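In this text, all values refer to a predicted model and were calculated from it rather than measured experimentally. Excluded from the calculations below are hydrogen atoms, water molecules and symmetry mates; all remaining heavy atoms, backbone and side chain alike, are included.
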Number of protein chains: 2
Amino acid sequence: MNQSEFSHDQLDVAEALRAAGLQVTAQRLAVYHAVQATPHAIADEICQAVRLELGVISRQAVYDALNAMSEHGIIRRIQPAGSAARYEHRVDNHHHLACRNCDNLIDIDCAIGEAPCLVAEHDHGYQIDEAEVTYWGICPDCLSHGGSS
Amino acid sequence: MNQSEFSHDQLDVAEALRAAGLQVTAQRLAVYHAVQATPHAIADEICQAVRLELGVISRQAVYDALNAMSEHGIIRRIQPAGSAARYEHRVDNHHHLACRNCDNLIDIDCAIGEAPCLVAEHDHGYQIDEAEVTYWGICPDCLSHGGSS
DNA sequence: GCTAATTCTTGACAGTGTAAAGAATTGGTC
DNA sequence: GACCAATTCTTTACACTGTCAAGAATTAGC
C-alpha cells in the first residue's frame with residue numbers, strides 16, 4: 001500500500017503549507033506533529049501536546065493552525081455528535097467507528113475507496129462532494145465491562 | 001409504508017413518554033411539538049418556540065426534555081460538524097444532506113431502508129447498531145448565488 | 001539587513017451544554 | 001378530593017469550545 005501520500009513528515013507539511021499559500025511556522029509544524037502523533041485528539045489535547053514540544057503556545061495559535069490546515073486539506077476535521085471537534089492527519093477517504101458509551105473513536109477504511117463513496121438517491125439539487133459515514137455502536141472494552149449499564 | 005410508527009401526534013407522545021418511564025408534562029409535550037413543527041432546529045430555537053406556546057419555560061427544562069426524549073428514541077439528535085446539536089421528530093432510518101456554505105440541512109431517505117443500512121468492512125469488535133451518513137455539498141441556493149464565495 | 005505581509009500573543013467575549021439545590025408538579029393510592 | 005413519594009422544573013452558577021480584536025513578533029522575499 002502506498003501510504004506516503006497520506007502520512008506526511010515534517011518536510012512534506014512545510015511544502016503543503018507553502019503550496020496552500022500559508023507561512024511555515026514552528027507552531028504549525030508542531031500542531032501538525034501533534035495531530036499525527038495523537039489522531040482524533042480534540043483542540044485542547046493538541047494544545048497540551050504542542051506545549052510539551054514547544055514550551056509555550058497560545059490557544060488561539062492552535063485554533064488558527066488547526067483551522068488553516070483543515071481548510072486547506074492538510075489535516076481533516078471530524079466532529080462526532082456529543083463531542084468537540086477532533087482532528088486527524090489522514091485526509092484520504094475513510095470513515096469512523098464511534099462508541100456510544102465511551103469516547104472511543106477509530107478509523108475504518110472505506111470499502112469503496114474514492115470520495116464520495118456513496119451516492120444519494122436524490123440529490124435535491126445539491127452538488128455533493130463527500131459522504132461522511134459514522135458507525136455507532138459499543139466498543140469491545142465497554143461490551144466486556146457490562147454493556148448494559 | 002407504515003409511517004404511523006414514526007409520526008407521533010400529541011397523544012402518541014404522551015404514550016411514548018409513559019412507555020419510556022418518563023412523566024408526561026406540558027413542557028415535554030410542547031418541546032416535542034416544537035421539534036415536530038421545526039425539524040433540525042437547535043436547542044435555542046426550540047426554547048423560543050416553546051415559549052411562544054407555553055409562555056415561560058426554563059432553558060434547562062428544554063435541555064432536559066430534549067435529552068430525555070432523544071435518549072429514549074422519541075426524538076432524534078443530530079450534530080453536524082460546525083453546528084450545535086439539532087433535533088428532529090423522525091426516528092426512522094434516514095440521512096442528511098448538509099450545505100458547506102450555509103447552515104441548510106435536509107433529510108434524505110435511506111436507500112436501503114433498515115438500520116444499520118451499511119455494513120462496515122471490519123467491525124473491530126464493535127457491536128454496530130447504526131450507520132450515520134451525512135452528505136456534504138453545496139445547496140442549490142448557494143450554487144446559484146455564486147458558489148465560489 | 002530591510003520591508004510588507006502574515007502569524008502569534010494576550011485578553012475578552014458569545015454560545016452551548018451541564019451541575020446543584022430547592023420549589024413545583026405528576027402519578028398512584030387512600 | 002387529599003396525601004405522599006418520585007420526578008421534573010426553575011434558578012443560578014459554571015465549564016468548555018470556539019471566535020474576535022489589537023498590538024507584538026516572526027516569516028518570506030529582496
Handout entry: R28(A): partners by salt bridge (charged side-chain N to carboxylate O under 4.0 Å, His left out), with sequence neighbours left out
Key =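 For R28(A) the salt bridge (charged side-chain N to carboxylate O under 4.0 Å, His left out) partners, ignoring immediate neighbours, are D64(A).
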Practice task
Mind checking salt bridge (charged side-chain N to carboxylate O under 4.0 Å, His left out) for D44(A) and listing every partner two or more places apart, or none if nothing turns up?
Solution key: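 Applying salt bridge (charged side-chain N to carboxylate O under 4.0 Å, His left out) to D44(A) gives none.
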Exercise for the section: Figure out the CD/C1' separation between E45(A) and dG18(D), and round it to whole Å. Expected result: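 In whole Å, dG18(D) C1' and E45(A) CD are 16 Å from each other.
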Practice task
Round to the nearest Å and state the distance from L17(B) atom CG to dG27(C) atom C1'.
Solution key: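 For the pair L17(B) CG and dG27(C) C1', the rounded distance is 14 Å.
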Problem - Residues forming a side chain to side chain contact (heavy atoms under 4.5 Å, CB included) with N67(B), sequence neighbours excluded - result: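 Once residues adjacent in sequence are excluded, the partners of N67(B) under the side chain to side chain contact (heavy atoms under 4.5 Å, CB included) criterion are R77(B), Y87(B).
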Practice task
Determine the sole option in E71(A), E130(A), E132(A) for which the salt bridge (Lys or Arg N to Asp or Glu O under 4.0 Å) test with R100(B) is passed.
Solution key: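 Among the candidates, only E130(A) passes.
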Handout entry: Straight-line distance of D123(B) CG to Y135(A) OH, nearest 0.5 Å
Key =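 D123(B) atom CG to Y135(A) atom OH measures 11.0 Å (nearest 0.5 Å).
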Problem - Identified side chain to side chain donor-acceptor pair (under 3.5 Å) counterpart of D109(A) within the set H95(A), R90(A), H94(A) - result: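 The single option meeting the side chain to side chain donor-acceptor pair (under 3.5 Å) with D109(A) is R90(A).
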Practice task
Check whether any side-chain N or O of R18(B) sits under 4.0 Å from OP1 or OP2 of dT26(C), and answer yes or no.
Solution key: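 Indeed not, no polar side-chain atom of R18(B) lies that close.
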Problem - End-to-end axis angle, where each axis spans five pairs of the helix from dG1(C)-dC30(D) to dC30(C)-dG1(D), to 10° - result: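 It comes to 40° between the two terminal axes.
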Problem - Apart from Y63(B) itself, residues in the same hydrophobic cluster as defined by side-chain heavy atoms under 4.5 Å - result: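 Under the 4.5 Å side-chain rule, Y63(B) groups with nothing.
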Practice task
Establish whether I78(B) and I78(A) are linked, either directly or via other cluster members, by ILVMFWY side-chain heavy-atom contacts under 4.5 Å.
Solution key: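 No: no chain of side-chain contacts under 4.5 Å links I78(B) to I78(A).
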Problem - Base versus backbone protein contacts along nucleotides 2-17 of chain D [heavy-atom cut-off under 4.0 Å; B, S, -] - result: -----SSSBB-B---B
